[in-house]
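First comes the structure, then the notes that go with it.
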There are 2 protein chains.
Amino acid sequence: MTQRKIISFENIRVACRSCSLNALCLPMGLSSDDIEKLENVIKRSRPLQRGEHLFYSGEHFHSLFVVKTGSVKTYTPSTEGGEQVLGFHLPGELIGLDAINQNFHSCSARVLETSAICEIPFQRLEELASNLPSLQHQLYRLLSKEIVEEAEMLMLLGKRSAEERLAAFLVSLSQRLGKRGLSTTDFHLSMSRHEIGNYLGLAVETVSRLFSRFQDENFLSVDRKHVKILSMPGLETLAGITPDQPSWRESN
Amino acid sequence: MTQRKIISFENIRVACRSCSLNALCLPMGLSSDDIEKLENVIKRSRPLQRGEHLFYSGEHFHSLFVVKTGSVKTYTPSTEGGEQVLGFHLPGELIGLDAINQNFHSCSARVLETSAICEIPFQRLEELASNLPSLQHQLYRLLSKEIVEEAEMLMLLGKRSAEERLAAFLVSLSQRLGKRGLSTTDFHLSMSRHEIGNYLGLAVETVSRLFSRFQDENFLSVDRKHVKILSMPGLETLAGITPDQPSWRESN
DNA sequence: AGATTTAATTGACTGGGATCAAGAGATGCC
DNA sequence: GGCATCTCTTGATCCCAGTCAATTAAATCT
């Protein structure tokens with residue numbers, strides 16, 4: 001079930017230039033020449049199955065990872081089997097940035113469904129970035145973006161009600177799927193109710209009850225892990241989204 | 001009260017090499033030569049008074065800031081006067097990393113007491129980092145460190161009780177003061193109860209009650225903003241600190 | 001296909017912490 | 001100095017969401 005990690009017996013050369021994610025992913029905004037140099041550094045391994053880990057908390061840090069297809073959750077295992085889910089990661093998202101600090105991973109990363117993953121040896125990336133200012137800047141940006149997103153999450157956990165949290169989660173997920181060319185109103189949840197609750201600081205039962213209520217109130221229809229959003233404006237209102245948010249929040 | 005920002009009419013050259021913080025701050029681990037190059041980039045302005053801002057949310061990003069003396073809080077102002085406090089920053093800590101992402105500050109930074117601040121124009125820092133791999137790495141590390149710290153905060157807000165939150169806050173503050181050569185058991189809180197509560201996702205009244213209770217139970221004595229910790233082990237227990245934490249959490 | 005385990009839903013109850021309210025100190029302002 | 005404002009403390013009450021418990025529905029195993 002929780003098998004050991006990537007055995008890269010087959011390091012396929014990655015072609016970022018022909019990858020549909022390159023507008024969202026690390027190569028975002030780089031020149032074609034620079035992307036080519038980046039490709040030489042990136043490795044791709046066999047697909048991982050649900051339950052496999054990219055890395056474990058405490059493990060030595062050597063690579064960052066990017067989801068190519070599928071989804072991944074990151075979490076900090078706490079003593080006594082408990083855990084705190086830190087995030088759910090969709091295609092194009094970079095994982096492992098927390099590990100640069102101490103050369104150890106401070107969280108674990110587990111695949112939620114069969115997923116293809118790109119691996120980026122950090123030292124080689126760092127060397128490359130020294131010579132490519134635009135890549136260096138892109139890396140700073142991605143680190144900074146993670147900080148901003150976690151800060152938004154702090155706000156959610158510190159100030160918002162259960163209803164606002166789940167609504168905000170669904171709206172945010174919908175937007176992220178949209179950026180990847182998928183439906184914003186009709187999608188599949190790759191994580192369990194338990195994991196959603198853990199992520200949002202809520203009990204499973206609360207999450208379940210809220211799904212039922214959102215359905216009763218015709219904001220969405222839910223069948224097991226399949227969600228159809230029926231009223232996005234309604235959900236946004238529940239999420240307490242203030243439409244005065246400046247446009248710079250929209251990016252990537 | 002909320003005056004506009006730093007008017008650097010007097011850009012004193014900063015001498016990081018003779019600054020007592022250089023073991024904690026940006027220069028950490030750099031060679032003396034590299035620190036000298038860094039000094040050429042850093043500006044210092046007149047001291048700021050309580051209530052003045054380093055920057056406001058939404059403002060254009062040009063510089064990072066480091067607290068030299070005093071303390072600063074960062075927060076995201078939300079609609080209707082509410083706010084979420086994101087952090088309290090002590091000498092040697094870098095502020096503004098969230099702004100790299102979008103070239104806008106996504107939070108505001110306000111001085112809690114008269115403070116000296118070093119300003120680091122980011123573009124010049126970035127250029128310098130391209131040529132100094134150790135500085136480049138240090139920057140990645142500091143960004144990563146912020147991510148780890150926010151993740152720890154997510155855990156606190158998502159899973160811990162009010163008692164655990166306040167105890168953890170005090171233990172953490174004590175440790176950070178200790179690293180700066182100050183007393184770990186006897187210190188002054190530069191922030192209000194309200195700000196502590198906001199930061200920890202608690203009501204002011206809850207914070208106040210907990211201070212009283214911790215005092216009744218002889219874990220500490222508190223007089224207004226002055227705190228004396230009487231039983232650090234006791235507080236650590238309240239904080240739910242598992243002493244099995246590996247040593248790599250201890251750094252900086 | 002049937003047995004076992006795990007995930008999800010729903011109901012009943014409880015409690016931690018928010019909210020409301022009042023009073024006591026501080027601090028700032030003419 | 002004295003009035004006003006803001007901060008902090010303490011008490012009383014309430015309610016949101018957690019916990020406990022039971023049922024149903026899926027997924028996994030053999």
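Each chain gets a letter, A, B and so on, in the order its sequence line appears, and its residues count up from 1.
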Worksheet item: Does the salt bridge (charged side-chain N to carboxylate O under 4.0 Å, His left out) test come out yes or no for A/Lys145 and A/Glu149, once each step is laid out?
Response: CA-CA 6 Å; A/Lys145 181 160 171 270; A/Glu149 283 166 2; 3.3 Å; yes
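Whole-Å rounding puts the B/Arg193 CZ to C/dT27 P distance at 12 Å. Straight-line distance from the CD atom of B/Glu163 to the P atom of C/dG16: 11 Å, rounded to whole Å. In this structure, CG of A/Asn198 is placed 12 Å from P of D/dT19, rounded to the nearest angstrom. Atom NE2 of B/His194 and atom P of C/dG25 are 23 Å apart (whole Å). Here C/dA18 presents its C1' atom at 10 Å from CG of B/Leu202, a figure rounded to the nearest Å. Rounded to whole angstrom, the span from the CG atom of B/Leu166 across to the P atom of C/dG16 amounts to 17 Å. For the pair B/Glu164 CD and C/dG17 P, the computed distance is 9 Å after rounding to whole Å. Atom pair B/Arg160:CZ and D/dG18:P shows a separation of 16 Å (rounding to whole Å applied).
In this structure, B/Gly201 reaches the sugar-phosphate backbone alone: every heavy-atom distance under 4.0 Å involves primed, P, OP1 or OP2 atoms, never a base.
An OP1 or OP2 oxygen of D/dC8 is reached within less than 4.0 angstrom by no side-chain nitrogen or oxygen of B/Arg224.
Each of A/Ala162 and A/Asp223 has a nearest nucleotide on DNA chain D; the 5'-most of these lies closest to A/Ala162.
Comment: A/Arg180 engages A/Glu93 in a salt bridge, judged by a side-chain N to carboxylate O separation of less than 4.0 angstrom. A salt bridge does not link B/Arg110 with B/Glu83: none of the charged nitrogens is closer than 4.0 Å to a carboxylate oxygen.
Comparing atom distances between the A/Ala203 side chain and each of D/dT7, D/dA27, D/dT19 picks out D/dT19 as nearest.
With values rounded to the nearest 0.5 angstrom, B/Ser208 atom OG is found 10.5 Å from B/Leu166 atom CG.
Side-chain contact, A/Glu113 with A/Ser71: a donor N or O sits under 3.5 Å from an acceptor N or O. Donor-acceptor pairing under 3.5 Å is lacking for the side chains of A/His53 and A/Ser108.
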Donor-acceptor pairs are to be reported for all side-chain atoms of residues 219-234 of chain A against protein atoms at under 3.5 Å, with residues two or more places apart or in another chain.
| from | atom 1 | to | atom 2 | distance (Å) |
| --- | --- | --- | --- | --- |
| A/His226 | NE2 | A/Asp186 | OD1 | 2.7 |
| A/Ser231 | OG | A/Gly234 | N | 2.9 |

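At a non-hydrogen distance threshold of 4.0 Å, B/Glu205, B/Ser208, B/Arg209, B/Ser212 from residues 204-216 of chain B come into contact with DNA chain D.
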